[in-house]
A.B. asks: 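Attaching a single structure in structure tokens format; questions to follow.
Scope of the values below: all heavy atoms of this structure, side chains included, with no hydrogens, waters or symmetry mates.
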Amino acid sequence: MELLIGLTGGIGSGKSAAADEFARLGAAVVDTDEIAHELTGPGGAALPEIQRLFGSAFVDAAGAMDRKRMRERVFADPAAKQRLESVLHPLIRAESERRIAAAFAVRKAPYVVHVVPLLVESAGFRERFGRVLVVDCPEALQIARVRQRSGFSESEVRRIIASQIQRETRLAAADDVIDNSGSIAAMQQKVRQLHEKYLALAAV
């Protein structure tokens with residue numbers, strides 16, 4: 001059967017590291033953040049509409065969306081956030097579906113891991129995914145990881161966390177959970193265990 005796993009988690013939880021391990025083990029990974037970066041990078045399909053809606057000030061010298069400026073804008077203006085999402089979400093959804101279909105049909109992947117940061121916030125997610133996998137860690141660890149990775153201030157990270165769905169709500173939606181509060185090796189071991197589980201489910 002075609003098994004589609006929805007992988008999600010709060011910022012700094014370790015979604016990408018878990019997805020990388022699934023890919024190393026042979027699963028196909030389709031990451032919406034990666035797609036969004038392509039769509040808003042130089043020559044990206046979303047750039048013309050973003051420039052039309054927000055102006056050339058939101059496109060940097062390299063021809064990509066100015067992410068810092070846009071992040072500040074959408075946090076300060078909910079209407080701007082909705083406008084940006086109205087451009088990006090349909091494009092991300094279409095490209096995700098294309099890549100998922102290709103993973104099954106062309107690559108013959110045993111299963112596909114679809115990384116969606118806002119998975120639990122999206123309508124109809126239960127119908128789309130065979131399993132929902134949440135990567136989780138305490139908020140203090142999220143903050144420390146994001147500050148180390150991105151150089152954001154603590155208040156910036158807290159603001160991002162506050163804008164996301166509550167940790168308890170996300171965990172309540174999970175079929176499987178990876179507790180990523182320990183070492184990389186411990187997380188990878190949990191991924192390996194789930195990989196075996198998903199291979200068995202996909203073989204049914």
A.B. asks: Does anything in residues 85-94 form a salt bridge (Lys or Arg N to Asp or Glu O under 4.0 Å)? List the pairs, not counting sequence neighbours.
C.D. replies: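 The answer is K81-E85, R93-E97.
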
A.B. asks: On a heavy-atom basis, which atom in A19 and which in L7 lie closest, and how many Å separate them?
C.D. replies: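 The pair with the smallest heavy-atom distance is N-CD1, 4.3 Å.
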
A.B. asks: Looking only at heavy atoms, which two atoms of A186 and S183 are closest? And how far apart?
C.D. replies: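 So the two residues come closest at N-OG, 3.0 Å.
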
A.B. asks: Rounded to the nearest 0.5 Å, what separation is found between the CG atom of D20 and the CG atom of L25?
C.D. replies: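 Taking CG in D20 and CG in L25, the distance rounds to 11.0 Å.
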
A.B. asks: My understanding is that only residues two or more places apart in sequence, or in another chain, count here; which of them pass salt bridge (charged side-chain N to carboxylate O under 4.0 Å, His left out) with D77?
C.D. replies: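 R73.
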
A.B. asks: Does any non-hydrogen side-chain atom of T8 lie less than 4.5 Å from one of Q164?
C.D. replies: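 Counting from C-beta outward, Q164 and T8 never come under 4.5 Å.
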
A.B. asks: If you look at every heavy atom in V135 and A18, which pair is closest and at what distance?
C.D. replies: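 That closest heavy-atom pairing would be CG2-CB, 4.1 Å.
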
A.B. asks: Could you list all the ring-ring contact (aromatic ring centres under 6.0 Å, His included) pairs where at least one residue sits in residues 137-169, not counting sequence neighbours?
C.D. replies: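 For residues 137-169: none.
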
A.B. asks: Could you tell me if the side chain of V157 sits less than 4.5 Å from the side chain of Q142, heavy atoms only?
C.D. replies: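 Not in contact.
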
A.B. asks: Could you tell me which non-hydrogen atom of I92 sits nearest to which non-hydrogen atom of A36, and how far apart they are?
C.D. replies: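 Smallest heavy-atom distance, with atoms named: CD1-CB, 3.9 Å.
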
A.B. asks: Looking at residues at least two apart in the chain, or sitting in another chain, which of them share a salt bridge (charged side-chain N to carboxylate O under 4.0 Å, His left out) with R69?
C.D. replies: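 D66.
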
A.B. asks: Among pairs that include at least one residue of residues 2-55, which meet ring-ring contact (aromatic ring centres under 6.0 Å, His included), considering only residues two or more places apart or in two chains?
C.D. replies: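 Pairs touching residues 2-55 that pass the test: F54-F58.
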
A.B. asks: Considering all heavy atoms of both residues, which atom of S96 and which atom of I35 are nearest to each other, and what is their separation?
C.D. replies: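 It is OG-CD1, 3.4 Å.
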
A.B. asks: Show me the donor-acceptor pairs, under 3.5 Å and distance only, between side chains in residues 45-53 and residues at least two apart or in other chains.
C.D. replies:
unit_1 : atom_1 : unit_2 : atom_2 : d
E49    : OE1    : R52    : NE     : 3.1
E49    : OE2    : R52    : NE     : 3.3
E49    : OE2    : R52    : NH2    : 2.7

A.B. asks: Specify the closest pair of heavy atoms between C137 and R145, including all atoms of both residues, with the distance to one decimal.
C.D. replies: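 Where C137 meets R145 most closely, the heavy atoms are SG-NH1, 3.5 Å.
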
A.B. asks: Rounded to the nearest 0.5 Å, what separates atom OG in S155 from atom CD1 in I160?
C.D. replies: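 Here the rounded value is 10.0 Å.
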
A.B. asks: How far does CD1 of I5 sit from CG of L119, to the nearest 0.5 angstrom?
C.D. replies: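 Between atom CD1 of I5 and atom CG of L119 there are 11.0 Å.
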
A.B. asks: Please list every donor-acceptor pair under 3.5 Å in which a side-chain atom of residues 100-117 meets a protein atom from a residue at least two apart or in another chain.
C.D. replies:
unit_1 : atom_1 : unit_2 : atom_2 : d
K108   : NZ     : A105   : O      : 3.2
Y111   : OH     : H195   : ND1    : 2.7
H114   : ND1    : V30    : O      : 3.0

A.B. asks: Pairs in or reaching into residues 116-130: which pass side-chain hydrogen bond (donor to acceptor under 3.5 Å, both in side chains), with residues at least two apart or in two chains?
C.D. replies: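 Applying side-chain hydrogen bond (donor to acceptor under 3.5 Å, both in side chains) to every pair that reaches into residues 116-130, excluding sequence neighbours, yields R126-D175.
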
A.B. asks: Could you tell me whether R159 sits above the aromatic face of F75, with NZ or CZ closer than 6.0 angstrom to the six-membered ring centre and within 45 degrees of the axis?
C.D. replies: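 Yes, R159 and F75 form such a contact.
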
A.B. asks: Applying salt bridge (Lys or Arg N to Asp or Glu O under 4.0 Å) as the test, list every pair that has at least one member in residues 183-196; sequence neighbours left out.
C.D. replies: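 Checked against salt bridge (Lys or Arg N to Asp or Glu O under 4.0 Å) - neighbours excluded - the pairs reaching residues 183-196 are E21-R192.
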
A.B. asks: Going by the rule salt bridge (charged side-chain N to carboxylate O under 4.0 Å, His left out), which residues pair with E139 if we only count those two or more places apart in sequence or in a different chain?
C.D. replies: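 Salt bridge (charged side-chain N to carboxylate O under 4.0 Å, His left out) check on E139 returns R158.
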
A.B. asks: Is the closest basic N to carboxylate O distance between K197 and D176 below 4.0 Å?
C.D. replies: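 Between D176 and K197 there is a salt bridge, with a charged N closer than 4.0 Å to a carboxylate O.
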
A.B. asks: Using the test salt bridge (charged side-chain N to carboxylate O under 4.0 Å, His left out), find all partners of E38 that sit at least two apart in sequence or belong to another chain.
C.D. replies: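 Salt bridge (charged side-chain N to carboxylate O under 4.0 Å, His left out) list for E38, sorted by chain: R99.
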
A.B. asks: Under the salt bridge (Lys or Arg N to Asp or Glu O under 4.0 Å) definition, can you give me all pairs with a residue in residues 164-174, not counting sequence neighbours?
C.D. replies: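 For residues 164-174: D136-R167.
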
A.B. asks: Any chance you could measure E34, atom CD, to L39, atom CG, to the nearest 0.5 Å?
C.D. replies: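 That separation rounds to 11.0 Å.
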
